[in-house]
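These notes concern the structure reproduced below.
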Amino acid sequence: MTTTPPTTELAKQYRPEDVESEVAKRWHHANAFHAEPSPPQASGLRPRPYSIVIPPPNVTAALHMGHALNNTLQDILTRWHRMLGDNAMWMPGTDHAGIATQTVVDKRLQAEGQPALKDYKKLEAEGKPGREQFIDKVQAWKDEYEGVITGQLKSMGCSCDWERQRFTMDPQCAKAVREAFFRLFKDGLIYRGKRLVNWDPVTQTALADDEVEMQDVDGSFWYMKYPIIDDNGKPTGEYVTVATTRPETMLGDTAVAVNPRDTVRGKYIGKRVELPIVGRHIPIVGDDYVVIPDPDSDDAKAKMASGFLKVTPAHDPNDWEIGQRQALDVINVMAPDASISKDHGWDDFDRWLDRPTADKETLNALLGQSREQARKTIVKWFEAKGLLEDTKPYRHAVGHSYRSHVPVEPYLSDQWYVKVTDDRLRGAAIDAMVPDQRTELFEPYLYDRNMSRKQTAQDTPDKLRPEKADWHDQLRFYPERYARTFQQWHENLRDWCISRQLWWGHRIPVWKRTTFHKLVNPENGAAEDSRLNVEERIETINGVEVAYQRRWEADGCEYEFICVPHGHPDIEEGLERLGYEQDPDVLDTWFSSGLWPLSTLGWPGDTAELNTWNPTDVLCTAREIITLWVSRMVMFNTYLHGKLPFRDVFIHAMIQDGHGQKMSKSLGNGVDPNDIIHSHGADAMRFTLTSMTTQTQDVRMPVDMVCPHTQKTFTPKFITTGSSQSRVAAPIQDSPFAKGKQMTSSFGVASGQAKATKEAPLARNTSEKFDYGRNFANKLWNATRFALSNIEEATAPAPGGNDTGEPSLADKWITARAIEAVQAADKALGSYDFHNYAQSLYGFIWNDLCDWYIEAVKGTVKQNATTRRVLATMIDVSLRLLHPTMPFITEKLWDRLNAVAPERGVEGLTLPSSELLVSASWPKADPGAIDQDAEASFARVQDAVAMVREVRATNKVPPRQQVDVSVKVSDEVYAKLKPNQGVLETLANVKVVAVGPNVEKPADAAAVVRPNIEVYLHGQLDSESEKTRLTKRAEELEKQIKNLRGRLSNESYVSKAPEKLVNETKQHLADAESEAEKVAEQLTGLG
RNA sequence: GGGCCAUUAGCGCAGUUGGCUAGCGCGCCUCGUUGACAUCGAGGAGGUCACUGGUUCAAGUCCAGUAUGGCCCACCA
């Protein structure tokens, strides 16, 4: 068997497609990404655990570049810590993403003309298993995309522990959800409440807050007069004027509110008004939510306000809260389709019809009218009666359904809530923050929105700012500005509505029974205050503890709720036989993802995984998710497990397209990482993304397309789409290269506007941004190829050669640079400074190693064993340092390096051998081994080389033509330069014919000068270019000298600036003056 | 409405606690292919650091404000 030389085995250019799958296979066979929990504490040699849980991508669609960035960074950290010897584990998985996935699947079914959600709902209503059938469809979608996502992550080289992959709805996560719900329910932290939800009247479903799109609309402010009445209900002739953008809701008004601090209008508090059209008598109440009018204010509301606020608790979230504070009636005047109706809670419809302003005819006409019609009817009525004081145009934001695009109607319904405002949850989250990132409350108030009153900070003195002895187990944000976002979110938190009227999700584990059990006040027929009739207790059924809640609601019904813990189907069946039904709703997606660091590690079991890897070390995510997800994980993990879910939160930039728009699945402007891997390779993509990761909050990535017919790249045609005027690639593009041929853009496919066909195939995306990483990968590839071939072709030392067994200046210099590169990488990675990690390695490898060291040793390395060892060591260090960000190419080259140069390592760099790079140890560098003299001396050589090159370039000396030079140097510099004459000769392609302090300049020589050195290039005198060059230099020096002298003549500078700095300035001045002198000399010599 | 970010060369971006002549990549100009790499090498041009004030011996950097662009959050008087 013959061994093939690696130089022929390695292609001249790096071809990722030849390497990536092969390397991935080797990792797989070595099971390199798998970790086992660390053994119990007893062993002193227990490796430090390190863990990251992936922010589980939604199974709605394939990953885009934002995910590629997110996961590249996590992989860098995981691979780095694995190499550091930590017991590193990266937990992969996906999120079921309730409404998003359900909606996507429904859309797809509709588009394909298959039975969709609506049809399955119909089946369900007929008592047939529609729900199950629909969930099967979603499940199939999930399986497909989970596979796509997993494939994408693997193509990127993500070193996740794939054996542990989880899904937020798999049995293990389901168990955690049941347990968490049960514990929170039992502890009174989950309750059922009537609240306003975002109601979509067209699709007739509740929407999550993030499914509501805010759109600015041109509306009006209507100023409507309500008559004041006296104690006998007689109009006093006075009026109050309420201002509203939604006149139609006045039918449900149950109060008018005034700010008690309002000196002008406060006196009306306690009086009553008669609601026009309806005739209802309603109170004027005091509430400091009301804005006091101020025509001079910059605040639009203060400018427009009348000081009287109509309060409609059933149709406005603010009014609902005022209603809660003031114990007002709640009157819902709309049907689920948002038409006016008296059948959904408008119980007093007939009661006030004998009042003077009541208008039965209009009222009856209003019934059945849409919101919009009713608005017109009512405005017209007020106008006709002279009760419309004014109308002003007003532009404001209105929530619209992202599905039907109609305005969302706040609608009263029963929902489950987590009492996150409780100190056990919110308080714990704020407590978890590391004190130096926590700010004092800017306002002396903590606005507790659920309690609906302002509490002074003194009411809750110690809960917000406890003294903690141990700061190490606290939450720290990188960059730290996001700590503020986190804190402010919690300070303004409202209870979290966790029930969703969906089918795709974790079913709420509560069985309920409703009994008609009217508790009414016999005096006025009103329901008893339900808040007085709540009962909570633990009951035992068949030896199992279940949580029981019973409450009487205003509708006169008794509600019983029983929450059953996980694993007792017998009890569930028993309850169903007793007439209990499981709540049909499912949990908000974030409920299960909030448990992610727990559920994936086996909680609620007491598992070794949990004990080893929770808390995880860092959560790596984009800032949009701080509130939705980070907060909930902190609250759940601390409450349920007594620990933080993670210690660090690293927030990285969001990737925007070339137009500054966020890459998102819904907009369809995302770029598939596989496209970039196809055009540039996984490592190039990863390295570029790494170097793009600065502290900034957005990065732009202009996207090009690859013509599928010609494989050529071009900038696509863009179109404007949607209400937000987004710029996206046109769904169908003409090929600019192949006449008459067309292609489909990824936007076309993602948005459903086009379909890839044989005639118009899907075009991949690419971006020239990634050329950066591709070129760098190629550079590394070739540097290694060169090093290996030289090592392989080693020859015996030349007689009288330079292999003294001692490292040369260049060897010592590159070793120093390598040690510094290790230090820089450690520092950067330790502070999540990915840009500098990439940048310093790029500089070390390209500039130091390739441009200088390899060029310097090129001619001698084959005969010099010492240099060969240094060179092999440099490749070794480079591959190790680069491996976290460029795992494929480094692993491939590592294999060749091991084969060709198994002996590596120099003083100051500890590099234990390893078969696979993925499990090799991170380089250990001893800064004490840095030879600073060597660094300084080599810098002089570099300077001299640069000088010669400059003259050669300006005089147009061909690179191949060797030039004789003589060098005039001081004794001091001479001593250092002399042994390295060869390096100078190699790098500048010159022959040094004379060197020393007394060298004379030949008449035909061009001269370059520095303070301590002059180089004469024989036969290169071109008076013209020489004059130009020297004159330019003289001008530069003059400017510099003037600047430095000015600084030194400034007395306060000399006296106040640090002495070191002043001395440096003096040295610079001396150098500049000396050089200027020499330059002047040369110019004089030229005549 | 609240919060945050950006503004540095034609383009995309660095610039750490204030301190030498403000850097990097792409692009541009000149030169260069007989063995690491043209996905390359050598050299070069190109910036009054958005604007206005302030603090300081010293400001791209700190403070205040202005302008422009962008992001996140927010309950529709």
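Letters A, B, ... mirror the listed sequences (proteins, then strands); counts begin at 1.
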task = May I ask you to verify if any side-chain N or O of A:Lys12 is less than 4.0 angstrom from the OP1 or OP2 atom of B:C37?
result = yes
key: Contact under 4.0 Å: A:Asn775 side-chain N or O vs B:C40 OP1/OP2   = yes
request  = Sequence neighbours left out, what passes side chain to side chain contact (heavy atoms under 4.5 Å, CB included) with A:Ala825? Give chain and number order.
outcome  = A:Tyr837, A:Leu881, A:Trp922
note = Contacts of A:Ser220 meeting side chain to side chain contact (heavy atoms under 4.5 Å, CB included) (sequence neighbours excluded), chain-then-number -> A:Trp222, A:Thr391
message = With a 6.0 Å cut-off (strictly less than), is the heavy-atom count around CD of A:Glu1064, excluding the residue itself, greater than 12?
response = yes
ask   = Just checking A:Thr1065: base, sugar-phosphate only, or nothing, at a heavy-atom cut-off of under 4.0 Å?
value = nothing
query = If you look at every strand shown and take non-hydrogen atoms under 4.0 Å, does A:Val290 touch a base, only sugar-phosphate, or nothing?
reply = base
query = Using a 3.5 Å cut-off on both pairing distances, which stems of three or more Watson-Crick or G-U pairs include RNA chain B?
reply = B:1-7 with B:67-73, B:10-13 with B:23-26, B:28-32 with B:40-44, B:50-54 with B:62-66
Set of salt bridge (Lys or Arg N to Asp or Glu O under 4.0 Å) partners for A:Asp287, sequence neighbours left out = A:Arg325
message = Checking A:Asp848 now: which residues fulfil salt bridge (Lys or Arg N to Asp or Glu O under 4.0 Å) with it, not counting sequence neighbours?
response = A:Arg817
request  = Could you run through nucleotides 28-35 of chain B and give me one letter per nucleotide, 5' to 3': B if any protein heavy atom sits under 4.0 Å from the base, S if only the sugar-phosphate is that close, - if neither?
outcome  = --S-S-BB
request  = Please test A:Tyr226 against A:Phe308 for ring-ring contact (aromatic ring centres under 6.0 Å, His included), starting from the C-alpha separation and ending with a verdict.
outcome  = CA-CA 10 Å; A:Tyr226 291 180; A:Phe308 296 97; 9.7 Å; no
